There are 2 protein chains.
Amino acid sequence: MSYVRGDESPAGDAIDTIQAEWRRLRPDLDLAAIGVVGRVLRSAARIVHHSDEVLAAHGLTRGEFDILAVLRRSAGPRSPGELRTISLATAPSTTKRLKSLERRGLVDRSTNPADGRGALIALTAVGRDLVDEVFPLQLAAENSLLAGVKSEERVALERSLTLLLASIERS
Amino acid sequence: MSYVRGDESPAGDAIDTIQAEWRRLRPDLDLAAIGVVGRVLRSAARIVHHSDEVLAAHGLTRGEFDILAVLRRSAGPRSPGELRTISLATAPSTTKRLKSLERRGLVDRSTNPADGRGALIALTAVGRDLVDEVFPLQLAAENSLLAGVKSEERVALERSLTLLLASIERS
DNA sequence: TGGATATAGTTTACTAGTAAATTATTTTTG
DNA sequence: CAAAAATAATTTACTAGTAAACTATATCCA
């Protein structure tokens, strides 16, 4: 989808405009999904943009931070495969990220005693300190983006998003 | 943020788990944003993944499709700068995408008579046919992801997302 | 009006991420 | 228990996208 605004604004937000434009061009289609999907994708793009700035200021990509955060939340070391699965990444990108994190001393690699093919990745003290410094900054950036949503509305939003995510992950 | 699940599941979805893990590790932080932001980012990642498969099957990247869709919804040709702004892209990526679309005969370039620095990009008949073929497939993929959300809940979701997007875009 | 500044867009050099093939080890099974 | 199949992870070759520098034209204003 394109979810990206034209010029004429019949009312409402950019997504309403896009939906109206499509309705005029393609009255044969059921365009209801645009209202949800367009806003989710556009919100996500904005959030990621802001949050990547915070990460970049600390020399991290989102993918690298994801790995550090998974390790921070884990009881102990994780295999590259676990990190891959938990962070919804591909195997080669995980390999690359781990190489970069290892080179900078943020994680530590050892061979897995239980499986000669695999490795075990642990967070170093430096890596842990970095996560603990950056994560609150990320939260602050996110909170500021949500500041315009009133408390009761945020509860309703979260409830609705939970239903949405459940529907998506069932597919 | 990492919004990516660990193993222990105290209840609820992956995001609840992540939030609970952070709460245990960092009881000093206000973690409320995770409930919204985590689900938005995770939903977006899943939607994009599915929808990119549809596009790839027709030889398009999301960025290219965004440009074609903006042109399809526009009354006439657009400058690269307009396409760039409307599709929330960077200038070099827009240049690259236009080059690729032009090479494949999906868009047409002419010099802007009103401004010698700029160009005007128009959708060709082939480009238009491609959008009109692919867009319904995208909608169908999206509808199938939303199939688990009941109609009244979808209304509430869309309303909440509108408030969220407004808050984000005000920031 | 003509030099300074701004704008439109592209080019160049680079980075993050991916798909497909590959290596090494473990598990399965006939 | 050895050959076949599966799995863990990496390597190689490539693509999409980006930041910074650059070109060309247009606008501003003294």
Side-chain angles (χ1 to χ4, degrees), chain A residues 2 4 44-45 48-53 55-68 70 77-104 106-122, chain B residues 2 4 44-45 48-53 55-68 70 77-104 106-122:
Chain A
S2 139
V4 117
V48 164
H49 180 84
H50 283 264
S51 143
D52 279 358
E53 284 179 356
L55 296 178
H58 290 79
L60 290 172
T61 64
R62 167 162 307 267
E64 287 166 354
F65 181 76
D66 278 351
I67 288 177
L68 294 180
V70 171
R78 293 276 196 183
S79 68
E82 285 174 323
L83 294 172
R84 206 217 110 225
T85 309
I86 298 174
S87 65
L88 306 179
T90 61
S93 75
T94 303
T95 297
K96 246 190 182 177
R97 289 163 184 170
L98 288 175
K99 210 173 270 182
S100 160
L101 293 171
E102 202 182 345
R103 187 168 16 80
R104 286 181 278 165
L106 300 171
V107 304
D108 216 25
R109 170 187 299 257
S110 54
T111 55
N112 188 337
D115 188 336
R117 295 166 300 184
L120 281 177
I121 309 293
Chain B
S2 137
V4 120
V48 163
H49 180 82
H50 283 265
S51 144
D52 280 357
E53 283 179 356
L55 296 178
H58 290 79
L60 291 171
T61 65
R62 166 163 307 267
E64 288 165 354
F65 181 76
D66 278 350
I67 288 178
L68 294 180
V70 171
R78 294 276 196 181
S79 68
E82 286 174 323
L83 295 172
R84 205 217 111 219
T85 310
I86 299 173
S87 65
L88 305 179
T90 61
S93 76
T94 303
T95 297
K96 245 190 183 179
R97 289 164 184 170
L98 288 176
K99 211 173 271 182
S100 161
L101 293 171
E102 203 183 346
R103 186 166 19 79
R104 287 182 278 165
L106 301 172
V107 303
D108 216 25
R109 170 187 300 256
S110 53
T111 55
N112 188 337
D115 188 335
R117 295 167 300 185
L120 281 178
I121 309 294

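The sequence lines fix the lettering, A, B, ..., with proteins before strands; numbering per chain opens at 1. Keep in mind it's a predicted model, so treat the numbers as computed, not measured.
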Regarding T94(A), tell me which of base, sugar-phosphate or nothing describes its non-hydrogen contacts under 4.0 Å with the strands shown.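 The answer is nothing, as T94(A) stays clear of every strand by at least 4.0 Å.
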Any chance you could lay out the side-chain contact (heavy atoms from CB on, under 4.5 Å) test for L60(A) and R104(A), step after step, and finish with the verdict? CA-CA 11 Å; L60(A) 290 172; R104(A) 286 181 278 165; 4.1 Å; yes
Given side chains that start at C-beta, do those of P113(B) and L120(B) come closer than 4.5 Å, heavy atoms only?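 Answer yes - side chains close enough.
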Could you check if a side-chain atom of D66(A) sits within less than 4.5 angstrom of a side-chain atom of R62(A), using non-hydrogen atoms only?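 Answer yes - side chains close enough.
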Report yes if a donor N or O on one partner sits less than 3.5 Å from an acceptor N or O on the other, where the partners are the side chain of R117(A) and the base of dT7(D); otherwise report no.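 Per atom types, the contact qualifies.
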Using atom [atom1] of [X] as one end and atom [atom2] of [N] as the other, report the distance to the nearest whole Å.
X       : N       : atom1 : atom2 : value
L98(A)  : dT11(D) : CG    : P     : 12 Å
R84(A)  : dT10(D) : CZ    : C1'   : 13 Å
L101(B) : dT15(D) : CG    : P     : 16 Å
L60(B)  : dT15(D) : CG    : P     : 16 Å
L120(A) : dT25(C) : CG    : C1'   : 15 Å

Atom pair CG (L101(B)) and CZ (R103(B)), whose distance is rounded to the nearest 0.5 Å: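 CZ of R103(B) is found 9.0 Å from CG of L101(B).
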From E82(B) CD over to I121(B) CD1, what is the distance, rounded to the nearest 0.5 angstrom?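 The CD atom of E82(B) sits 10.5 Å away from the CD1 atom of I121(B).
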Give the minimum heavy-atom separation between [X] and [Y], together with the two atoms involved.
X       : Y       : result
V107(B) : L98(B)  : CG2-O, 4.2 Å
P80(A)  : A119(A) : CD-O, 3.3 Å
S87(B)  : L83(B)  : OG-O, 2.6 Å
A89(A)  : R97(A)  : CB-NH1, 3.4 Å
E64(A)  : S100(A) : OE2-OG, 3.0 Å

Please determine whether side-chain contact (heavy atoms from CB on, under 4.5 Å) holds for the pair I86(A) and R78(A), giving the CA-CA distance in whole Å, both sets of side-chain angles, and the decisive distance to 0.1 Å. CA-CA 10 Å; I86(A) 298 174; R78(A) 293 276 196 183; 3.7 Å; yes
Five pairs per end, C1' atoms only: what is the angle between the end axes of the helix from dT1(C)-dA30(D) to dG30(C)-dC1(D), to 10 degrees?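 End-to-end axis angle: 20°.
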Sub-3.5 Å pairs of nitrogen or oxygen atoms, protein against nucleotides 16-19 of chain C:
unit_1, atom_1, unit_2, atom_2, d
dG17(C), OP1, R97(A), NH2, 3.1
dG17(C), OP2, R97(A), NE, 3.3
dG17(C), N7, K96(A), NZ, 2.4
dG17(C), O6, K96(A), NZ, 2.8
dT18(C), OP2, T90(A), OG1, 3.0
dT18(C), OP2, S93(A), OG, 3.4

Close approaches to DNA chain C from residues 106-115 of chain A, in residue order (heavy atom, under 4.0 Å):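 Correct list: D115(A).
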